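Report on one structure; see the data block that follows.
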Amino acid sequence: MTGQICQTGQEAFLKAFHARHPAVTTEAFAGARAADGRSSYAILRDLVAGRRRVLDLGCGDGSLLELLAATPGRRLAGVDLSPDSLALARRRPALSTAALAEARAQYLPFPDDGFDACVSHLALMLMADIERVVAELARVLVPGGLLACVTGAGGGGAGYELLGELLPTALERTPPARRMPTLGDRRTRHPEHLASLLTTAGFAAPDQQTVPLDLSAPPEHVWTALSGLYDFAALDTPALTALREQFLTHATDRTTPSGALPCHFRVHVTTASPDRQ
Ligand SMILES: C[S@@+](CC[C@H](N)C(=O)[O-])C[C@H]1O[C@@H](n2cnc3c(N)ncnc32)[C@H](O)[C@@H]1O
């Protein structure tokens with residue numbers, strides 16, 4: 001691993017999780033749509049339109065970088081903790097010239113002022129030592145550069161509510177040692193606290209909006225999307241199979257006449273520029 005080797009317990013959890021599920025976020029969110037028909041990946045792509053050198057922080061399997069690569073002449077880079085997710089990113093022909101690094105966001109292996117934009121999709125809120133991460137973002141962005149990030153704001157709708165009813169009981173039966181550690185810094189999940197972290201690190205006051213993403217689909221598909229959440233890592237195969245059966249059984253009463261189980265996930269979309277000349 002490049003950068004300072006100071007991996008936290010939560011980072012070890014994330015690496016182990018993504019070794020088993022290297023493309024899990026893309027699988028859950030590539031099909032989720034905002035009211036204007038765009039995915040949250042496409043929203044970030046559009047926010048950094050016209051910016052040439054772009055870094056994806058916590059790039060995972062490279063799905064956002066691939067969208068960005070559709071613009072000719074770009075210089076793209078991505079960092080992630082997970083070698084398994086990065087292996088998938090490296091297999092994408094569109095990313096053959098991208099600089100993909102296994103590194104911690106807290107110690108970015110890039111020079112000062114190296115990027116015109118930095119994007120981050122559902123990754124910032126998982127990162128420990130967040131002050132150091134945002135300081136690194138301010139360092140690698142040029143003056144006038146742009147940070148555009150999507151962070152999670154929680155789910156809703158019948159599918160999410162059903163999971164909220166069933167999952168705690170399933171988790172109570174798992175040994176504490178298997179349970180998900182606390183991930184990241186809670187402040188990143190609240191727009192006002194994230195804004196404060198950014199301005200303290202030298203960004204100008206950010207623009208922020210909350211966007212609901214529609215994940216409604218037949219129950220089996222909703223299960224596939226939601227069972228990619230980190231919380232499920234604690235469940236062994238029999239517990240997961242039992243929970244899936246319970247979910248699908250109870251979901252039949254909650255579907256719409258067209259057979260869809262309503263489900264949505266809200267994200268905060270934040271943009272900010274370093275406040276220096
Ligand atoms: C929920 S996944 C999102 C992946 C990708 N951005 C996407 O949306 O498809 C979060 C990613 O952030 C990475 N990550 C978490 N903490 C990190 C850190 N401190 N440094 C680098 N990557 C990190 C994880 O390894 C994981 O690939």
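Fair warning: this is a prediction, and the values are worked out from it, not measured in the lab. Just follow the structure's listing: the first ligand is 1, and inside any ligand the first atom is 1.
- Near Q106, meaning under 4.0 Å from any of its heavy atoms, are these atoms of ligand 1: 19 (N).
- Atoms of ligand 1 found under 4.0 Å from any heavy atom of L14 (numbered from 1 in listed order, with element): 15 (C), 16 (N).
- Considering both main-chain and side-chain atoms, A123 never comes within under 3.5 Å of ligand 1 through any nitrogen or oxygen pair.
- Under a 4.0 Å heavy-atom criterion, S120 is not in contact with ligand 1.
- Within a 6.0 Å sphere centred on CZ of R186, other residues, nucleotides and ligands contribute 12 heavy atoms or fewer.
- Checking E192, E131, H193 one by one against R187, the side chain to side chain donor-acceptor pair (under 3.5 Å) holds for a single residue, E131.
- Using a 3.5 Å distance cut-off with no hydrogens or angles, the side chains of H18 and Y230 do pair a donor with an acceptor.
- The 12-atom threshold is not exceeded at CZ of R75, counting heavy atoms of other residues, nucleotides or ligands nearer than 6.0 Å.
- If you number the atoms of ligand 1 from 1 as listed, the ones under 4.0 Å from a heavy atom of L122 come out as 1 (C), 2 (S), 3 (C), 10 (C).
- Listed by number with element, the atoms of ligand 1 under 4.0 angstrom from any heavy atom of E11 are 19 (N).
- Distances from ligand 1 to the non-hydrogen atoms of Y41 include at least one value under 4.0 Å.
- Under the 3.5 Å distance criterion, with hydrogens and angles disregarded, a donor-acceptor pair is assigned to the side chains of T26 and D61.
- For the residue pair T25 / H121, no side-chain donor-acceptor distance below 3.5 Å is found, with atom types taken as modelled.
- Applying the salt bridge (charged side-chain N to carboxylate O under 4.0 Å, His left out) definition to pairs two or more places apart or across chains, those involving residues 132-148 are D112-R139, E136-R139.
- Below 4.0 Å from some heavy atom of T26 lie the following atoms of ligand 1, by number and element: 9 (O).
- The atoms of ligand 1 that sit less than 4.0 Å from any heavy atom of R104 are 20 (N).
- Note: F29 and F265 have perpendicular aromatic rings, judged against thresholds of 30 and 60 degrees for the angle between ring planes.
- Using a 4.0 Å cut-off to heavy atoms of H18, the atoms of ligand 1 that qualify are 25 (O), 26 (C).
- Nearest heavy-atom pair, M180 versus D231, reported as atom, atom and distance to 0.1 Å: SD-N, 3.6 Å.
- Under the 3.5 Å distance criterion, with hydrogens and angles disregarded, no donor-acceptor pair is assigned to the side chains of T151 and H268.
- At least one N/O-N/O distance between H121 and ligand 1 falls below 3.5 Å.
- An N or O contact shorter than 3.5 Å is missing between Y230 and ligand 1 by distance.
- Scanning the protein for heavy atoms near atom 21 (C) of ligand 1, the closest one is A103 O, 3.4 Å.
- Of the candidates D80, V150, V133, V119, it is D80 that places a heavy atom closest to atom 27 (O) of ligand 1.
- Side chains of D80 and S82: no donor on one and acceptor on the other come within 3.5 Å.
- For atom 4 (C) of ligand 1, the closest non-hydrogen atom of the protein is G58 O, 3.5 Å.
- Under the rule for a salt bridge (Lys or Arg N to Asp or Glu O under 4.0 Å), the partners of R244 that lie at least two apart in sequence or sit in another chain are E220.
- When only non-hydrogen protein atoms are considered, atom 2 (S) of ligand 1 lies nearest to T25 OG1, 3.2 Å.
- In terms of protein heavy atoms, atom 20 (N) of ligand 1 is closest to A105 N, 2.9 Å.
- Nearest to atom 22 (N) of ligand 1 among the protein's heavy atoms is L81 N, 3.3 Å.
- The atoms of ligand 1 that sit less than 4.0 Å from any heavy atom of L126 are 1 (C), 10 (C).
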